[in-house]
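First the structure, in the form of structure tokens, and then the observations on it.
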There are 2 protein chains.
Amino acid sequence: MTATTLPLARGSQDAQAGTCCAPIARRPLGEGDAAEMAVLLKAVADPVRLRLLSMIGSHAGGEACVCDLTDAFDLTAPTISHHLKVLRTAGLIGSERRGTWVYYWIIPETVNKLGALFAPLTEPGSRSDRPADLTVTPA
Amino acid sequence: MTATTLPLARGSQDAQAGTCCAPIARRPLGEGDAAEMAVLLKAVADPVRLRLLSMIGSHAGGEACVCDLTDAFDLTAPTISHHLKVLRTAGLIGSERRGTWVYYWIIPETVNKLGALFAPLTEPGSRSDRPADLTVTPA
DNA sequence: AAGCTACTTAGACAATCGTCAAAACAGCGC
DNA sequence: GCGCTGTTTTGACGATTGTCTAAGTAGCTT
């Protein structure tokens, strides 16, 4: 099998690649968008998968073979393979077999969705620290 | 070797608030940093908690009481309370009781850690040749 | 104080997750 | 072909998670 591309269909209003929704504190996340992003987040919410993703993304040449990854962990090969499958199913990485080894690379569009979700709000004049006070007088 | 594996959890060396580590594809994530970020990500890797966080962060006044949040879900109050506790334990939100109601607000420093981790990949050609000096606006 | 509302804690349950050992699959070299 | 190495699949196991009901705590109003 070759590089997998997850359907991840029906993003609400994502006309742009690498974006699903507005930053988390900009506007309430819709039910569908939340579900979609949760799938992505579940895939990275594991220390092993986080390190795998990071090792793949920062590896020279932009890709890494499984043999490069396994030694860094105290886990069996099937477990590493399982984690890679989770990342691949989520659309975070792609894979391809070339001869003996299988290579993995990051799919930046998907990673960028996460970055966009937690993008800092640079919008001035809004809260972002402690609650104002009991005086809730909106402008 | 420097203190790469500190027994006390405390984060590697983040003098910078709202930042834990370099972006995920910049350099391999350390074991401790990955564990720390995974805790944060697990807290957010749920559609209900994602929406809660978003509803709180985007609520007028910068805070929301539980009564504002419960109606949006088809879940019992204890379940909502449980999810809020998970978010609060992770340091993503703060809470305070004022009279009858309990108010929640976002802690942006923690959310920014997630944003920094998935910061967009800029130059796909050059990696790890710079010591990752991202400077987040200190609020 | 008694009753009411808002919210949290405690305990239980099925479902999912992370891990492993064993087996299977895919290429390469002899 | 046969054996060897690299990677994935299968099946199983305990641990964790999301949800509920029931009961508890905190504050207001009478």
Side-chain angles (χ1 to χ4, degrees), chain A residues 1-4 6 29 31 34-35 37-53 55-56 59 63-90 92-105 131 134, chain B residues 29 31 34-53 55-56 59 63-90 92-105:
Chain A
M1 78 187 75
T2 55
T4 53
L6 192 81
L29 212 53
E31 207 166 335
M37 294 308 294
V39 169
L40 234 51
L41 286 165
K42 275 185 204 297
V44 278
D46 179 278
V48 173
R49 290 198 288 272
L50 260 189
R51 290 179 63 200
L52 282 172
L53 193 63
M55 290 172 72
I56 293 170
H59 200 268
E63 58 183 18
C65 90
V66 184
C67 55
D68 295 325
L69 307 170
T70 312
D71 295 341
F73 301 90
D74 199 16
L75 296 169
T76 63
T79 298
I80 299 293
S81 188
H82 160 70
H83 285 303
L84 288 171
K85 186 178 187 177
V86 171
L87 290 172
R88 204 188 45 198
T89 303
L92 286 157
I93 58 177
S95 72
E96 186 186 3
R97 164 162 232 137
R98 284 201 290 275
T100 303
W101 293 282
V102 178
Y103 291 87
Y104 283 89
W105 59 88
L134 281 176
Chain B
L29 212 53
E31 207 167 334
E36 180 186 346
M37 295 308 295
V39 168
L40 234 51
L41 286 165
K42 273 186 205 296
V44 193
D46 179 278
V48 174
R49 290 198 288 273
L50 259 189
R51 290 178 63 201
L52 282 172
L53 194 63
M55 291 171 72
I56 294 170
H59 201 267
E63 57 182 15
C65 90
V66 184
C67 55
D68 295 326
L69 307 169
T70 312
D71 295 341
F73 300 90
D74 199 17
L75 296 169
T76 63
T79 299
I80 298 295
S81 190
H82 160 71
H83 285 302
L84 287 171
K85 185 178 188 177
V86 171
L87 289 172
R88 204 189 40 196
T89 302
L92 286 158
I93 57 177
S95 73
E96 185 186 4
R97 165 165 231 136
R98 284 200 292 275
T100 304
W101 293 283
V102 178
Y103 291 87
Y104 283 89
W105 59 87

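These numbers come from the heavy atoms of this one structure, side chains and all, not from hydrogens, waters or symmetry mates. It should be emphasised that the depicted structure is a prediction, and the values quoted were computed from it without experimental measurement.
- As rounded to whole Å, 16 Å separates atom C1' of D:dT17 from atom CG of B:Leu41.
- Each of B:Val66 and A:Thr76 was matched to the nucleotide of DNA chain C holding its nearest heavy atom; the match closer to the 5' end belongs to B:Val66.
- Listed nucleotides D:dG27, D:dT17, D:dG6 differ in distance to A:Trp101; the shortest reach to its side chain belongs to D:dG6.
- Rounded to whole angstrom, the span from the CG atom of A:Asp46 across to the P atom of D:dT16 amounts to 13 Å.
- Atom CD1 in A:Ile56 sits roughly 12 Å away from atom P in D:dT7 (whole-Å rounding).
- Using a distance-only test at 3.5 Å, with no hydrogens or angles considered, a donor-acceptor pair links the side chain of A:Thr70 to the main chain of A:Val66.
- Taking atom CZ of A:Arg97 as the reference point, atom C1' of D:dT8 lies 9 Å away to the nearest angstrom.
- When DNA chain C is scanned 5' to 3' for any atom under 4.0 Å from a heavy atom of chain B, the first and last hits are C:dA6 to C:dT9.
- Side-chain proximity of A:Leu84 to the nucleotides D:dT19, D:dT8, D:dT7 is greatest for D:dT8.
- Side-chain contact between B:Val48 and B:Leu52 is present, with at least one heavy-atom pair separated by less than 4.5 Å.
- Between A:Ile80 atom CD1 and D:dT9 atom P there is a gap of 15 Å when expressed in whole angstrom units.
- Using a 4.0 Å heavy-atom cutoff across all strands shown, A:His82 reaches at least one base atom of the nucleic acid.
- Considering only heavy atoms from C-beta on, A:Val39 stays 4.5 Å or farther from A:Lys42 through its side chain.
- Contact annotation for A:Thr79: base contact, defined as any heavy-atom pair under 4.0 Å involving a base atom.
- Counting only distance, with no hydrogens or angles, the side chain of A:Arg88 and the backbone of A:Ala90 share no donor-acceptor pair below 3.5 Å.
- Under the 4.5 Å side-chain criterion, counting only non-hydrogen atoms from C-beta, A:His83 is not in contact with A:Phe73.
- Atom CZ of A:Arg98 is separated from atom C1' of D:dT7 by 15 Å (rounded to the nearest Å).
- For the pair B:Tyr104/B:His59, no side-chain contact is recorded, criterion being any heavy-atom separation below 4.5 Å from C-beta on.
- Nearest nucleotide to the A:Lys85 side chain, out of D:dT8, D:dT9, D:dT21: D:dT9.
- When heavy atoms are screened at a 4.0 angstrom cut-off, A:Tyr104 is found touching the sugar-phosphate backbone but no base atom.
- Distance CZ (A:Arg88) to P (D:dT7): 13 Å, rounded to an integer number of Å.
- Residues B:Val86 and B:Pro78 both approach DNA chain D. Their nearest nucleotides, taken by heavy-atom distance, put B:Val86 toward the 5′ side.
- Judged purely by atom type and a 3.5 angstrom limit, A:Arg49 uses its side chain to pair as donor or acceptor with the backbone of A:Ala43.
- Atom CD in A:Glu96 sits roughly 16 Å away from atom C1' in D:dG6 (whole-Å rounding).
- Along DNA chain C, the nucleotide nearest A:Val48 and the nucleotide nearest B:Asp68 are compared for position; the residue whose nucleotide lies closer to the 5' end is B:Asp68.
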